[in-house]
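These notes are about the structure you will find just below.
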Amino acid sequence: MNKHIKRSWAEPYKMKMVELLKMTTSAQRKKALQQAGYNTFLLRSEDVYIDLLTDSGTSAMSDRQWAGMMMGDEAYAGSWNFYHLEEVVKNIYGYKYVIPTHQGRGAENILSKILIKKGDVIPGNMYFTTTRLHQELAGGRFEDIIIDEAHDPDNEFPFKGNADLNKLQRLIKKKGAKKIPYISIATSVNMAGGQPISMKNLKELRVLTQKHGIRIIHDMTRVAENAYFIQQREKGYQNKSVKEIVKEICSYTDGATMSAKKDALVNIGGFLAVNDWDVFEEARNMVVVYEGLHTYGGLAGRDMEAMAIGIGESISDDHIRARVGQVIYLGEKMLDLGIPIVKPIGGHGVFVNAKGFLPHIPQNDFPAQTLAAEIYLDSGVRTMERGIVSAGRKSNGENYYPKLELVRFTIPRRVYTQAHMDVIAESAGRVYEHCEKIKGLKMVYEPKYLRFFQARFEKLN
Ligand code: P70
C-alpha cells in the first residue's frame, strides 16, 4: 500500500533566525495604499505582510554565505573575494572573463555601450524593462523575436521562452547582419511569466547566428530555474544535473549579463561575463567610469564573497526542486480556485492574468495595476504590475500595448513557508469573488524612464 504514497519535496534547509513581520488592519492598508498612489513600489515595506514584489535581492542567504560576508577582503584593488568570484564564474558557467557590477543593469549599461551603434537592432526573446532601455539609450532598437505562444497566457507550450527562428531570419534579411550586434537571449523569460527556453532552440540559434557572425548575449539572471525546467521537460536531459545543464546553456552563448540578486541568492551584486578579449578589455576600462575598479565593480569584498558562494548553492538540484516546487504549489492552489494565471506555471512566481481576472477594465485603465492594489488591500500581500504600466512608451511617445497584462506574485528564495503560500492564494481567491465590483485607475504622475517604479494613480469612480 505504501507504494501509493507520493514523495513530497521539502526545503533542503532549516531556519535558525527569523524576521518578525508586522500585521496590519484593513484601514491601515487603505491609508498606506492611498499614500503610495496605488503603486506597490511606493509602499513602505513595514506596511507589507508578505512581500511578493520581487525575487530580486530578497532571498535568504545561507549560514555559509553569511560566514563568507565575514571574510570580506575590503581592499580597494585585488580583493581575494574577486578572484574567488572569477574562479566560480569560470568553473560553473564557463565564461572566460568576468567583470563585477553592482547589479544586472550595471552590466547591461556597459555591454550596450560597447556593442551597440546608433541605428542597430537587437532581437530578443521578449523585452525586459532595464535591458531594453539600455539598448535604446545606446542608440539601438529592440525587436521581439519570441514565439507567438509566449504572448498567450493560456497556451501550455512547455518552452514559451523560445525564440522564433523565422522571425530572426526575416529580421536578418531585412536589416542585414551588420546592423545586429548581438541577439539578447534570456533564460527564464521574466515578462512572459518565467518561461524557459529549450536547449534545442538555443542550439539552433547558435547555428544560425554563427552563420551570420552574430553574437548571443545571455541574460542569465534566472539560468538555474531554466535549467531545472529543461531537466524536467526536455528529452535527453532527465539524467543530467542542473549544474551540467547550466554549463551547457552558457556554452552556446558568447557572453552574459547577470543580476545575481535572483538565482545567485544575494541581496546585491551582478556581473558581465564575456569570452571575447576585445570586448572584455573595453568593458574593463568602462567599468571604472560607471561602477568602480574592475576588481570590485561597485561591490564590497563581502558582497562578492556572498555571490561566489551563492552561485554554488544556486545550481544544487535539491535547492532548485524545492524553489520551483514552492512556486508550483502556489500556482496550483490558485488554479484550484479558478483564478486565471499564466500557464505553464513559471519558475520564479505565479503570474495572474489581469485581463482575465478583471475583463471589464480596459487596458487604458490599468487592470494589472488595479489588481495589485486590491490584493494588497485585502491581505497586505504585495505584488507587482507587469502590463501596460511596465511596458512604458515608444520613443515617439505612444504607449506600448503589451498582449500580456499580468500581476506577478514573485516568490523570494528560501524565505516564505507553505502556510504563507496558502494565505496568498486565499487572498487572490477572495478578491476574485468580488472582481466585478472593482474599478480601474487613472495615472496622475508619470516619470520619463521606467515609469512603473514611481508612477502615481487615483481610483476611477
Ligand atoms: C525583477 C528584477 C531584474 C532583471 C531581470 C532580468 C531578466 C535584468 C534585470 C535587471 C528587478 C526589477 C527591474 C526592473 C523592473 C522591476 C523589477 N529584475 N534582467 O523584479 O537586474 O535589477 O539587478 O539591475 O529580471 O524582476 P537588476
Side-chain angles (χ1 to χ4, degrees), residues 21-55 58 129 153 191 193 330 334 337 339-342 349-392 399 401-402 404-411 420 423-447 450-461:
L21 298 174
K22 191 173 102 179
M23 311 295 279
T24 49
T25 63
S26 176
Q28 285 169 330
R29 292 194 293 273
K30 192 170 172 198
K31 192 168 156 218
L33 193 61
Q34 272 166 355
Q35 282 173 348
Y38 294 88
N39 185 347
T40 52
F41 277 105
L42 300 178
L43 288 167
R44 289 176 182 235
S45 97
E46 62 171 3
D47 294 328
V48 172
Y49 172 39
I50 302 175
D51 204 346
L52 307 186
L53 185 69
T54 176
D55 61 330
T58 52
T129 52
M191 302 302 280
L330 173 64
M334 289 204 193
L337 292 167
I339 296 166
I341 64 170
V342 175
V350 177
F351 290 66
V352 173
N353 174 10
K355 280 185 186 171
F357 199 111
L358 299 170
H360 57 288
I361 301 185
Q363 200 167 17
N364 274 325
D365 296 347
F366 312 112
Q369 189 77 29
T370 305
L371 181 54
E374 290 292 328
I375 298 280
Y376 172 74
L377 205 58
D378 177 75
S379 57
V381 170
R382 166 155 72 172
T383 58
M384 187 194 288
E385 194 265 6
R386 298 277 74 176
I388 186 168
V389 185
S390 296
N399 273 314
Y401 284 90
L404 296 177
E405 179 72 26
L406 309 175
V407 176
R408 188 179 71 173
F409 289 61
T410 343
I411 313 299
H420 285 121
V423 167
I424 296 158
E426 287 159 14
S427 176
R430 255 191 320 274
V431 175
Y432 197 39
E433 271 176 355
H434 68 264
C435 59
E436 71 285 346
K437 292 198 204 97
I438 297 170
K439 295 203 176 100
L441 296 168
K442 70 167 185 245
M443 203 189 294
V444 293
Y445 168 68
E446 179 177 353
L450 304 175
R451 64 180 180 185
F452 52 90
F453 282 131
Q454 290 144 344
R456 298 186 71 85
F457 301 83
E458 277 171 13
K459 256 205 142 4
L460 288 172
N461 296 309

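Keep in mind that the numbers below use all heavy atoms, side chains included, and drop hydrogens, waters and symmetry copies.
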Roughly how far, to the nearest 0.5 Å, is the [atom2] atom of [Y] from the [atom1] atom of [X]?
| X | Y | atom1 | atom2 | answer |
| --- | --- | --- | --- | --- |
| Asn39 | Glu385 | CG | CD | 8.5 Å |
| Thr370 | Ile375 | OG1 | CD1 | 11.5 Å |
| Lys459 | Lys439 | NZ | NZ | 8.5 Å |
| Lys22 | Gln28 | NZ | CD | 6.0 Å |
| Met384 | Phe41 | CE | CZ | 3.5 Å |
| Gln369 | Ser390 | CD | OG | 8.0 Å |

Just by distance, do the side chain of Ser379 and the backbone of Ile424 share a donor-acceptor pair under 3.5 Å?
no
Does NZ belonging to Lys442 count more than 12 external heavy atoms closer than 6.0 Å?
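No, NZ of Lys442 has 12 or fewer neighbouring heavy atoms, counting only those of other groups under 6.0 Å.
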Shortest non-hydrogen contact from [X] to [Y]?
| X | Y | value |
| --- | --- | --- |
| Gly429 | Leu337 | CA-CD1, 4.1 Å |
| Ala36 | Arg456 | C-NH2, 3.8 Å |
| Tyr49 | Leu21 | O-CD1, 3.3 Å |
| Asp55 | Ile411 | CB-O, 3.6 Å |

Side chains of [X] and [Y]: does their closest heavy-atom pair fall under 4.5 Å?
| X | Y | answer |
| --- | --- | --- |
| Lys30 | Thr24 | no |
| Phe351 | Leu404 | no |
| Arg408 | Thr54 | yes |
| Arg44 | Gln35 | no |
| Leu53 | Thr410 | no |

Is a donor from one side chain sitting under 3.5 angstrom from an acceptor on the other, for Thr40 and Arg382?
no
Residues in salt bridge (Lys or Arg N to Asp or Glu O under 4.0 Å) contact with Lys31, at least two apart in sequence or another chain
none
Does Arg430 have any salt bridge (Lys or Arg N to Asp or Glu O under 4.0 Å) partners at least two apart in sequence or in another chain, and if so, which?
Asp378
Give the table of side-chain donor-acceptor pairs shorter than 3.5 Å for residues 357-367, with sequence neighbours excluded, one pair per line with atom names and distance.
{"residue": "His360", "atom": "NE2", "partner": "Ile438", "partner atom": "O", "Å": "2.8"}
{"residue": "Gln363", "atom": "NE2", "partner": "Pro402", "partner atom": "O", "Å": "2.9"}
{"residue": "Gln363", "atom": "NE2", "partner": "Glu405", "partner atom": "OE1", "Å": "2.9"}
{"residue": "Asn364", "atom": "OD1", "partner": "Tyr401", "partner atom": "OH", "Å": "2.8"}

Verdict with reasoning, Ile341 to Phe409, per side-chain contact (heavy atoms from CB on, under 4.5 Å):
CA-CA 10 Å; Ile341 64 170; Phe409 289 61; over 6 Å; no
N-O pairing of Asp47 and Arg29 below 4.0 Å
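Salt bridge absent between Asp47 and Arg29.
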For Thr58 and Asp51, run side-chain contact (heavy atoms from CB on, under 4.5 Å): C-alpha distance rounded to whole Å, both residues' side-chain angles, the deciding distance at 0.1 Å, then the answer.
CA-CA 9 Å; Thr58 52; Asp51 204 346; 5.9 Å; no
For side-chain contact (heavy atoms from CB on, under 4.5 Å), just list the numbers for Leu33 and Tyr38, CA-CA rounded to whole Å, side-chain angles, deciding distance to a tenth of an Å, and then say yes or no.
CA-CA 5 Å; Leu33 193 61; Tyr38 294 88; 3.8 Å; yes
Give the intermediate values and the outcome of side-chain contact (heavy atoms from CB on, under 4.5 Å) for residues Met443 and Arg451.
CA-CA 10 Å; Met443 203 189 294; Arg451 64 180 180 185; 4.0 Å; yes
